[in-house]
Asker: 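After the structure tokens below, expect a handful of questions from me.
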Amino acid sequence: MRFRNFAINLGAIAIFGVITLSLQFPKLNQRLGGQTIEETRKAVRDEEARLKLVKQLPPRGFGFNNLIANFAFLQFLQYFGDDVARNDFQTGYTLSPLYFANIIDRDPRFISSYIYMSASVSMFAGVPSKAIEIYSKGLKHLDPDQQPSTYTVWRYKATDQLLFLGDAKGARESYLKAAEWADKASFSGKKLVEDPKISAESSRQSAQWLEGDRDLTQAQIGAWSLVLQNATDKKTVQIVAQELDKLGMKIEIRNGAQAIVKK
């Protein structure tokens, strides 16, 4: 039983690790020169205003919703990959939720975008509740009979619910839906990124494990530790501090570095 508990926790963390690694590739796109703090901060404000304007376009997007979603995704990659702006100038990743709200609103069937959303919104921006909200909207428009790989979206959602929010009930429901949809995908005859049979079994095991009264505190502390490691702006650090406070932990400066310790 102890080994199973360890394996399920490890599985959830592994999924999150893969998601995180997927976001390292856009960072190769960083701009290394010609930027100033003032210009960068203005650019962030302008981009935020533009994203909010796009959000208010008519639901049908004048018939160009797919194009709007694709353009927003390309803009996100450029935004995320600009390490000078995000890290050196400490503007953070606060626009990530706005990008993906636009992407998923306009094209919820853009399945490959969800893997980028999980880490960029939950870990780098530090707002997993926003990611889960966007997942929930997108999943209403997905159909496992039409898009065989959609079970992965339920697994991403479950991972965020489990690791960040400690929401055992919500994560269990998401894992059960992932298993249900993966079962349908297994008969599609299409080659998928994850083996649907393995994903279905893993999801059911995770859901079964979550039936008990599980203490997810350590998993949450570990997840928020990752957020802190990647935090580049004060706002994200404040979010992490607030979440850790709920878990009986706090942030201290030790040997010139941020450390998480018991209160």
Asker: Would R86 count as a cation-pi partner of Y79, with NZ or CZ less than 6.0 Å from the six-membered ring centre and within 45° of the ring normal?
Answerer: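 Yes, a cation-pi geometry.
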
Asker: Apply the test side chain to side chain contact (heavy atoms under 4.5 Å, CB included) to residues R106 and N66: give CA-CA distance (whole Å), side-chain angles for both, the deciding distance (0.1 Å), then the verdict.
Answerer: CA-CA 6 Å; R106 300 293 164 180; N66 286 354; over 6 Å; no

Asker: Are K52 and E48 within salt-bridge range, i.e. N to O under 4.0 Å?
Answerer: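 Looking at K52 and E48, the cut-off is met.
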
Asker: Under 4.0 Å between a Lys/Arg side-chain N and an Asp/Glu carboxylate O for E243 and K246?
Answerer: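 Counted as a salt bridge, because a side-chain N and a carboxylate O are separated by less than 4.0 Å.
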
Asker: Could K250 and D245 be called an ion pair, given the rule that one side-chain N must be under 4.0 Å from one carboxylate O?
Answerer: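 No.
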
Asker: Return yes if a side-chain donor-acceptor contact under 3.5 Å exists between K157 and S136, otherwise no.
Answerer: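 There is such a pair between these side chains.
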
Asker: Quick check: are there more than 12 heavy atoms from other residues, nucleotides or ligands sitting under 6.0 Å from NZ of K263?
Answerer: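 More than 12 heavy atoms, drawn from other residues, nucleotides or ligands, come within 6.0 Å of this atom.
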
Asker: Just by distance, no angles: are the side chains of T150 and D143 close enough, under 3.5 Å, to form a donor-acceptor pair?
Answerer: no

Asker: List the atom of A125, the atom of T236, and the distance in Å for their closest heavy-atom pair.
Answerer: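 Smallest heavy-atom distance, with atoms named: O-OG1, 3.9 Å.
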
Asker: Are F80 and Y99 an aromatic pair, judged by ring center distance below 6.0 Å?
Answerer: no

Asker: Do we see a donor-acceptor contact under 3.5 Å between the side chains of Y175 and S202?
Answerer: no

Asker: Under 3.5 Å, side chain of N230 to main-chain N/O of M123, donor-acceptor pair present?
Answerer: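 Side chain of N230 to backbone of M123: no pair is present.
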
Asker: Within the distance-only criterion (no hydrogens, no angle test), does the side chain of S203 pair as donor or acceptor with the backbone N or O of A178 below 3.5 angstrom?
Answerer: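 Judged by distance alone, no pair lies under 3.5 Å.
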
Asker: Could you walk me through whether D160 and S118 pass the side chain to side chain contact (heavy atoms under 4.5 Å, CB included) test, one step at a time?
Answerer: CA-CA 7 Å; D160 281 6; S118 183; 3.2 Å; yes

Asker: Only one of F124, F110, F73 forms a ring-ring contact (aromatic ring centres under 6.0 Å, His included) with Y116, so which one is it?
Answerer: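 Exactly one candidate clears the test, F73.
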
Asker: Less than 4.0 Å between a side-chain N and a carboxylate O, is that true for D46 and K42?
Answerer: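 Yes, K42 and D46 are salt-bridged.
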
Asker: Distance only, no hydrogens: is a donor on one side chain within 3.5 Å (strictly under) of an acceptor on the other, for E201 and Q205?
Answerer: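 Checked: E201/Q205 side chains pair up, N/O donor to acceptor below 3.5 Å.
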
Asker: Do S174 and R155 get their side chains close enough for a donor-acceptor pair, meaning under 3.5 Å?
Answerer: no

Asker: Could you tell me whether a side-chain N or O of E252 sits under 3.5 Å from a main-chain N or O of A259, the two making a donor and an acceptor?
Answerer: no

